[in-house]
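These notes are about the structure you will find just below.
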Amino acid sequence: MRKVCALILVVALAGCGESMDRQNRLKTYGEAHGLAPGWPGQGEALVPPAGTVSQNAAARDKALATPPPVNPALLFRGRERYEIYCAPCHGLTGAGDGVIVRRGFPRPKSFDDPDQRQAPADRLLSAIGNGFGRMYSFSDRVEPADRWAIVAYIRALQLAGKGKATP
Ligand code: HEC
């Protein structure tokens with residue numbers, strides 16, 4: 001029995017100090033320390049030349065600048081996306097009582113709040129694309145066309161007077 005205990009202790013202690021924080025790694029734009037001889041830059045990745053734009057940036061900018069026609073298909077899409085990305089905090093009715101808020105995340109205003117009702121579409125779009133205060137940006141998850149669909153659905157919630165149910 002003693003031998004078994006000793007063995008367990010040795011195995012357990014051998015695992016100490018092997019934190020993944022301490023492994024060798026390169027920093028994206030940091031020094032490569034000669035690990036990649038012949039590589040034109042100093043780091044693991046090359047710094048993009050000045051004026052570089054990301055792929056499809058122009059198409060995304062155009063989609064953001066052009067409100068799509070509001071029709072049932074857009075609202076259904078908006079509802080689906082809203083319930084995936086926004087409802088966890090803003091709640092299914094927009095009251096600001098989503099499950100994450102009930103577990104302690106700061107509570108956003110209800111979309112039925114006069115300030116939110118009067119907010120122009122640009123402000124809602126910007127909150128999704130750039131984030132707002134403690135809310136992070138959804139630009140990597142919600143494409144511009146879907147941002148418009150979500151905004152249309154939020155307007156529908158506001159018109160329906162939703163978000164009043166819970167204080
Ligand atoms: C993790 C929680 C969380 C998620 C998910 C979330 N929000 Fe928010 N949102 C907040 C909080 C908190 C605030 C208030 C932030 C503050 O005042 O600092 C806020 C504020 C806003 C505002 C108010 C902006 C203004 O100008 O007053 C809008 C609009 C908004 N969110 C829309 C959305 C939409 C649309 C989605 C889904 C794509 C979404 N939010 C997802 C937490 C969230």
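The figures that follow rest on heavy atoms only: side chains count, while hydrogens, waters and symmetry mates do not. Order of appearance sets the numbers: ligands from 1, and atoms from 1 within every ligand.
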For residues 121-130, which residue pairs qualify under side chain to side chain donor-acceptor pair (under 3.5 Å), counting only residues two or more places apart or in two chains?
D115-R123, S126-N130
Over all atoms of both residues, closest heavy-atom pair of L92 and A87:
CD2-CB, 3.8 Å
So is there a nitrogen or oxygen of R134 less than 3.5 Å from a nitrogen or oxygen in ligand 1?
yes
Which atoms of ligand 1 are found less than 4.0 Å from any heavy atom of I154?
35 (C)
Measure the NE2-CD distance between H90 and E83 for me, rounded to the nearest 0.5 Å.
14.0 Å
With a heavy-atom distance limit of 4.0 Å, tell me whether Q116 approaches ligand 1 through its side chain, its backbone, both, or neither.
side chain
Check if P106 has a non-hydrogen atom at a distance under 4.0 Å from any atom of ligand 1.
yes
Distance filter under 2.8 Å, centred on atom 8 (Fe) of ligand 1 - protein N, O or S atoms that pass it
H90 NE2, M135 SD
Heteroatom proximity flag, R107 to ligand 1, N/O under 3.5 Å
no
For I150, the ligand 1 atoms with a heavy-atom partner under 4.0 Å come out as 35 (C)
Given that the side chain starts at C-beta and the backbone is N, CA, C, O, which of these parts of V151 lies under 4.0 Å from ligand 1, counting heavy atoms, or is it both or neither?
neither
Look at the side-chain heavy atoms of Ile, Leu, Val, Met, Phe, Trp and Tyr, link any pair under 4.5 Å apart, and say whether L159 and L75 land in one connected group.
no
Closest non-hydrogen atom pair, S139 against G129:
CB-O, 3.3 Å
Could you tell me whether R81 sits above the aromatic face of Y85, with NZ or CZ closer than 6.0 angstrom to the six-membered ring centre and within 45 degrees of the axis?
no
To the closest 0.5 Å, what do you measure between OG1 (T93) and CZ (F111)?
10.0 Å
Atom indices of ligand 1, in the order listed, that fall short of 4.0 Å to a heavy atom of F111
28 (C), 29 (C), 32 (C)
Select one of side chain, backbone, both or neither to describe which atoms of Y82 lie under 4.0 Å from any atom of ligand 1, heavy atoms only.
neither
Under 4.0 Å to a heavy atom of G133 - the qualifying atoms of ligand 1, by number
18 (O)
Is there a nitrogen or oxygen of R123 sitting under 3.5 Å from a nitrogen or oxygen of ligand 1?
yes
Heavy-atom contacts with Y85 under 4.0 Å: which atoms of ligand 1 show up? List them by number with element.
5 (C), 37 (C), 38 (C), 41 (C)
State, to 0.1 Å, how close G96 and R107 come at their nearest heavy-atom pair, and which atoms those are.
O-CG, 3.2 Å
As an exercise, state the distance from CD1 of I154 to CD1 of I128, rounded to the nearest 0.5 Å.
5.5 Å
Would you mind reporting whether F138 and I150 have side-chain heavy atoms less than 4.5 Å apart?
no
With a cut-off of 4.0 Å, which atoms of ligand 1 are near a heavy atom of F105?
1 (C), 2 (C), 12 (C), 42 (C)
Looking at Y136, Y153, F138, the heavy atom closest to atom 41 (C) of ligand 1 belongs to F138
In Å, rounded to the nearest 0.5 Å, how long is the span from CZ of F132 to CG of L124?
10.5 Å
Taking NZ, NE, NH1 and NH2 as the nitrogens, is one of them in D97 or R102 under 4.0 Å from a carboxylate oxygen of the other?
no
F76 atom CZ: more than 12 heavy-atom contacts under 6.0 Å:
no
Please could you name the atoms of ligand 1 that L124 approaches to less than 4.0 Å, counting only its heavy atoms?
29 (C)
